[in-house]
Number of protein chains: 2
Amino acid sequence: MAARPTDTKESILRLGMEFIQTYGYHSFSYADIAKELKIKNAAVHYHFPGKEDLLAEIVEQYIQRYHELARSLEKPGISSRQKIQAFINRYTALCEHGKICLIGSVGSDYNTLPEKAKVKLTELVKLVLGLVEKVLREGKKKGELTFSESARIKSILIMTNLAAGVQLARITGQQDYTAICNSLMKQLTG
Amino acid sequence: MAARPTDTKESILRLGMEFIQTYGYHSFSYADIAKELKIKNAAVHYHFPGKEDLLAEIVEQYIQRYHELARSLEKPGISSRQKIQAFINRYTALCEHGKICLIGSVGSDYNTLPEKAKVKLTELVKLVLGLVEKVLREGKKKGELTFSESARIKSILIMTNLAAGVQLARITGQQDYTAICNSLMKQLTG
DNA sequence: CTGAAAACTTACTAAGTAGTAAGTTTTTTG
DNA sequence: CAAAAAACTTACTACTTAGTAAGTTTTCAG
């Protein structure tokens with residue numbers, strides 16, 4: 001029935017990610033996934049025995065995507081400004097679909113998460129902050145970016161602006177999010 | 001059995017607020033509240049027929065607290081710096097108890113909220129942003145605060161830093177949140 | 001002190017949750 | 001093509017969820 005062996009598993013991951021970013025980890029069930037993919041409940045359990053396994057793999061997938069982003073930004077000829085813009089663009093894409101950042105979604109459920117997910121989430125946050133910090137540090141050195149805080153603190157400020165910004169966009173409208181992005185780029189590139 | 005008539009209702013509200021800020025709206029049940037207060041499940045339903053009624057009143061209570069904060073800051077002799085600090089202190093108090101901001105918690109569940117709660121949440125966000133914006137505008141006029149963005153945008157930036165900051169504190173530790181606060185005050189009061 | 005209203009408890013329902021065991025179909029591989 | 005492994009379905013369990021109806025206790029006002 002499935003076209004290729006890994007199709008179903010990938011579809012579950014994709015849909016799980018979408019549900020988490022749209023509704024939150026505790027607001028979707030295996031039945032929701034099964035219904036959408038026109039498979040049975042137990043088929044989801046076949047690929048991901050427990051919901052915590054699914055969550056852990058979703059966070060892991062997100063981690064891998066950020067590693068890919070990091071690699072793609074290592075290619076020569078990309079300005080620091082473009083690198084920051086590429087980071088911002090990820091949030092903008094979410095925002096346009098009414099989704100929020102995985103970190104923001106799962107982060108607000110932090111105290112109810114299984115240990116495995118907590119660990120992976122911490123890893124993800126450190127990865128993202130490290131990525132932005134590196135871009136900021138290099139950009140400042142090259143004279144392409146300006147900011148008065150340490151690269152570490154500035155990366156936290158930018159990430160929190162964006163993560164909370166996409167959430168705010170669902171409540172008060174997208175123009176606030178757009179204003180955040182414009183302001184951030186203006187601060188950094190003068 | 002209850003000492004005073006309104007005690008139970010107030011306790012439910014208090015506990016509901018605590019649960020939302022600690023675990024999230026979808027991660028606590030009426031049974032959790034009943035157990036903690038040593039009453040029966042149906043007693044909670046007596047005061048709040050549906051969970052959405054409870055949520056709406058919790059958000060409303062939060063709104064009233066911000067109105068109180070706004071009034072208390074209207075008294076003469078409070079510097080703009082102190083007003084901003086008072087706002088930040090609210091988040092710091094949450095952070096120290098491992099809680100997150102109500103807006104951040106409920107906001108990440110936005111798409112699953114009953115309409116009544118969505119409306120109240122929007123009202124709350126506008127109230128908070130308006131409060132900070134006013135303080136910023138007046139502080140700039142008096143020469144007590146410095147920032148290059150519009151008061152509106154700056155209020156959004158500050159609020160998103162704090163709201164996401166308290167969430168981040170649960171994941172990577174409180175020192176990141178402290179750094180955010182220090183940085184915000186330094187930016188504004190230079 | 002008494003009646004009425006408020007604040008509960010008891011006992012239940014219907015629906016949804018994650019999860020499992022056992023059997024069936026499909027796909028792959030030697 | 002046949003055996004085996006992978007990918008499912010069927011059918012079920014045990015538990016939790018919000019929510020309700022009816023009866024009981026407590027509080028309070030006249």
Side-chain angles (χ1 to χ4, degrees), chain A residues 1-20 22-59 105-106 109 111-118 120, chain B residues 1-20 22-59 105-106 109 111-118 120:
Chain A
M1 189 160 272
R4 278 225 321 275
T6 57
D7 268 14
T8 301
K9 185 165 186 179
E10 278 167 23
S11 296
I12 295 169
L13 275 172
R14 201 199 72 240
L15 203 56
M17 179 91 79
E18 192 176 316
F19 281 156
I20 288 178
T22 310
Y23 307 113
Y25 177 62
H26 294 293
S27 293
F28 79 93
S29 68
Y30 271 31
D32 294 325
I33 288 181
K35 194 179 176 185
E36 176 77 24
L37 296 181
K38 286 165 187 169
I39 56 178
K40 298 298 157 184
N41 212 299
V44 186
H45 281 282
Y46 172 76
H47 292 286
F48 304 95
K51 204 179 173 185
E52 60 181 287
D53 302 301
L54 175 56
L55 177 62
E57 283 209 44
I58 287 171
V59 179
S105 177
V106 177
D109 292 325
N111 286 337
T112 68
L113 297 180
E115 203 54 38
K116 213 194 303 179
K118 282 186 183 175
K120 284 237 177 264
Chain B
M1 187 158 274
R4 281 226 318 276
T6 56
D7 267 15
T8 302
K9 186 167 184 177
E10 278 169 23
S11 296
I12 294 169
L13 276 172
R14 200 200 73 240
L15 204 56
M17 180 91 78
E18 193 176 316
F19 281 157
I20 288 177
T22 310
Y23 307 112
Y25 177 63
H26 293 293
S27 294
F28 79 94
S29 69
Y30 271 32
D32 294 326
I33 288 181
K35 194 179 177 186
E36 176 78 23
L37 297 180
K38 286 163 188 170
I39 56 177
K40 299 298 157 186
N41 212 298
V44 186
H45 281 283
Y46 171 76
H47 292 287
F48 304 95
K51 204 180 173 186
E52 60 180 286
D53 302 301
L54 175 57
L55 177 62
E57 284 209 43
I58 287 171
V59 179
S105 178
V106 176
D109 292 324
N111 287 337
T112 68
L113 297 179
E115 202 56 36
K116 213 194 303 180
K118 281 187 185 176
K120 286 238 176 264

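Quick note on labels: first sequence line is chain A, next is B, and so on, each numbered from 1. A quick note: this is a predicted structure, and the numbers were derived from the prediction, not measured.
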Given C:dT9, C:dG19, D:dA18, identify the nucleotide with an atom nearest to the side chain of B:I39.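 The nucleotide sitting nearest to the side chain is C:dT9.
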Would you indicate which nucleotide in C:dT9, D:dT17, D:dA7 comes nearest to any side-chain atom of A:Y46? D:dA7
Where A:S105 and A:I20 come nearest, the two heavy atoms and their spacing: OG-O, 2.8 Å
Counting only side-chain nitrogens and oxygens, does [X] get under 4.0 Å of the OP1 or OP2 atom of [N]?
{"X": "A:H45", "N": "D:dT9", "answer": "no"}
{"X": "A:S29", "N": "C:dT17", "answer": "yes"}
{"X": "A:H47", "N": "D:dC8", "answer": "yes"}
{"X": "B:T8", "N": "C:dA7", "answer": "no"}

Could you walk me through whether B:T8 and B:H47 pass the side-chain hydrogen bond (donor to acceptor under 3.5 Å, both in side chains) test, one step at a time? CA-CA 8 Å; B:T8 302; B:H47 292 287; 4.8 Å; no
Euclidean distance, atom [atom1] of residue [X] to atom [atom2] of [N] [Å, nearest integer]:
{"X": "B:I33", "N": "D:dT16", "atom1": "CD1", "atom2": "C1'", "answer": "15 Å"}
{"X": "A:L54", "N": "C:dG19", "atom1": "CG", "atom2": "P", "answer": "10 Å"}
{"X": "A:E52", "N": "C:dT17", "atom1": "CD", "atom2": "C1'", "answer": "15 Å"}
{"X": "B:F48", "N": "D:dT20", "atom1": "CZ", "atom2": "P", "answer": "16 Å"}
{"X": "A:Y30", "N": "D:dC15", "atom1": "OH", "atom2": "P", "answer": "20 Å"}
{"X": "A:D32", "N": "C:dG16", "atom1": "CG", "atom2": "C1'", "answer": "10 Å"}
{"X": "A:H26", "N": "C:dT17", "atom1": "NE2", "atom2": "C1'", "answer": "13 Å"}

Need one value for A:F28: base, sugar-phosphate or nothing, where a base atom within 4.0 Å counts as base even if backbone is also close, heavy atoms only. sugar-phosphate
Interface polar pairs with nucleotides 10-12 of chain C, N/O, under 3.5 angstrom:
none

Report the residues that fulfil ring-ring contact (aromatic ring centres under 6.0 Å, His included) with A:F48, sequence neighbours left out, ordered by chain and then residue number.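 A:F48 satisfies ring-ring contact (aromatic ring centres under 6.0 Å, His included) with no other residue.
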Apply the test side chain to side chain contact (heavy atoms under 4.5 Å, CB included) to residues B:L54 and B:Y30: give CA-CA distance (whole Å), side-chain angles for both, the deciding distance (0.1 Å), then the verdict. CA-CA 10 Å; B:L54 175 57; B:Y30 271 32; 3.9 Å; yes
Does any non-hydrogen side-chain atom of A:T112 lie less than 4.5 Å from one of A:Y25? no
Applying salt bridge (Lys or Arg N to Asp or Glu O under 4.0 Å), can you list everything that pairs with A:K118, at least two apart in sequence or on another chain? none
Tell me, please, whether A:F28 has A:K51 positioned over its six-membered ring: NZ or CZ under 6.0 Å from the ring centre and within 45 degrees of its axis?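 Yes, A:K51 and A:F28 form such a contact.
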